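Read the structure below first, then the notes.
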Amino acid sequence: MKNELKIFCPATIANISCGFDVLGVALDAVGDEMVIRKTAEKGIRITKLEGQDLPTETLQNVAGVAGLALLAAGDYEGGFDIEIYKKIKAGSGIGSSAASSTGAVWAMNTLLGNPFSSLELVQFAMEGERLASGVAHADNVAPALFGGFTLVRSYAPLDVISIPSPDALYATVIHPQIEVKTSDSRKILKTNITLQDGIKQWGNLGGLVAGLFKSDYDLIGRSLVDHIVEPIRSILIPGFDQIKKVALEAGALGCGISGSGPSIFSFSKGEETAVKVGEAMKEVYQKIGVNYDVHVSKINTKGIKIID
Ligand code: HSE
């Protein structure tokens with residue numbers, strides 16, 4: 001059995017407009033790399049962390065705490081060294097913490113001969129999310145582990161459903177270069193919603209899931225509406241309304257906040273439209289003088305993968 005793995009851990013878009021804390025999708029074009037090595041020494045050590053300024057103490061690092069959760073649940077006597085090469089910026093809204101925590105537990109499980117189920121891995125990785133944001137949400141870690149779209153039907157007990165991805169569906173993500181901490185962008189949310197808003201939101205959530213199953217791009221597009229979170233969080237994102245307007249004009253099916261922001265995502269039918277949407281989004285930030293990154297990506301249906 002191998003003692004070391006090098007892996008790609010995908011970025012993810014959580015919430016997807018109408019599915020706050022329950023819906024997510026994995027991307028192909030952007031993700032972190034990690035090297036995980038089995039050691040005779042007990043415990044978890046983050047031996048290298050490049051690309052972002054993040055803590056390397058095991059208990060302060062999302063990969064560290066997720067890894068410790070896995071170790072605590074099993075009977076393995078040794079430990080692991082973890083190297084993290086961050087390509088996803090922390091606080092960008094495309095699942096930076098989820099990539100690290102899922103990568104750690106997925107590789108550890110693989111190196112141990114798969115003693116844990118995917119659902120158990122989601123639970124271990126959620127400990128990383130608890131450290132990063134104060135809340136153990138699963139809408140980034142589930143798609144990173146399962147690939148494609150996932151729905152967290154229930155948190156207690158945890159129940160994660162994989163949802164198919166239509167072949168021609170592409171995501172465009174623009175990341176304005178500001179950092180929004182998930183913990184901060186959760187604090188500004190209301191804890192109660194009106195029945196009227198609930199009705200609109202779960203109508204759209206059902207519509208989006210149905211649209212993905214049926215490969216009905218129009219239905220996907222008209223379901224990408226958020227009546228609850230976007231009106232509050234969009235205030236934190238420069239040029240949000242303008243970006244959304246130009247993305248839809250350029251042919252996007254829909255557009256919204258990626259996870260807790262500040263990244264903005266849109267879905268398009270076909271790569272050509274997704275690229276055009278990216279160009280239109282860029283122009284807005286060029287005009288108002290905001291630095292940005294843009295990613296155009298096919299849906300990643302496999303999740304984490306071994307590289308090299
Ligand atoms: N569902 C989480 C939130 C995702 O919106 O706070 C964070 O990436």
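All values derive from a computational prediction rather than experimental measurement. Note: hydrogens, waters and symmetry copies are ignored here, and every other heavy atom, side chains too, is used. Every number for a ligand or one of its atoms is a count from 1 in the order of the listing.
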| request: Decide if atom NZ of K200 counts as having more than 12 heavy atoms of other residues, nucleotides or ligands within a radius under 6.0 Å. | output: yes
| field | Qualifying residues under side chain to side chain donor-acceptor pair (under 3.5 Å), relative to S260, sequence neighbours excluded | value | T182
| query | More than 12 non-hydrogen atoms from neighbouring residues, nucleotides or ligands closer than 6.0 Å to CG on D159, yes or no? | reply | yes
| Centroid-centroid under 6.0 Å between F124 and F116 rings | yes
| said: I'd like to know whether CD of E4 has more than 12 heavy-atom contacts from other residues, nucleotides or ligands below 6.0 angstrom. | reply: yes
So what's ligand 1 close to, N/O to N/O, under 3.5 Å?
| from | atom 1 | to | atom 2 | distance (Å) |
| --- | --- | --- | --- | --- |
| ligand 1 | 1 (N) | N15 | OD1 | 2.9 |
| ligand 1 | 1 (N) | D21 | OD1 | 2.5 |
| ligand 1 | 1 (N) | D139 | OD1 | 3.4 |
| ligand 1 | 1 (N) | D139 | OD2 | 2.6 |
| ligand 1 | 5 (O) | N15 | ND2 | 2.8 |
| ligand 1 | 5 (O) | R233 | NH1 | 2.7 |
| ligand 1 | 5 (O) | R233 | NH2 | 3.4 |
| ligand 1 | 6 (O) | R186 | NH1 | 2.7 |
| ligand 1 | 6 (O) | R233 | NH2 | 3.0 |
| ligand 1 | 8 (O) | N140 | OD1 | 3.0 |

| request: Kindly compute the distance separating CD (Q52) from CD1 (I84), expressed to the nearest 0.5 Å. | output: 11.5 Å
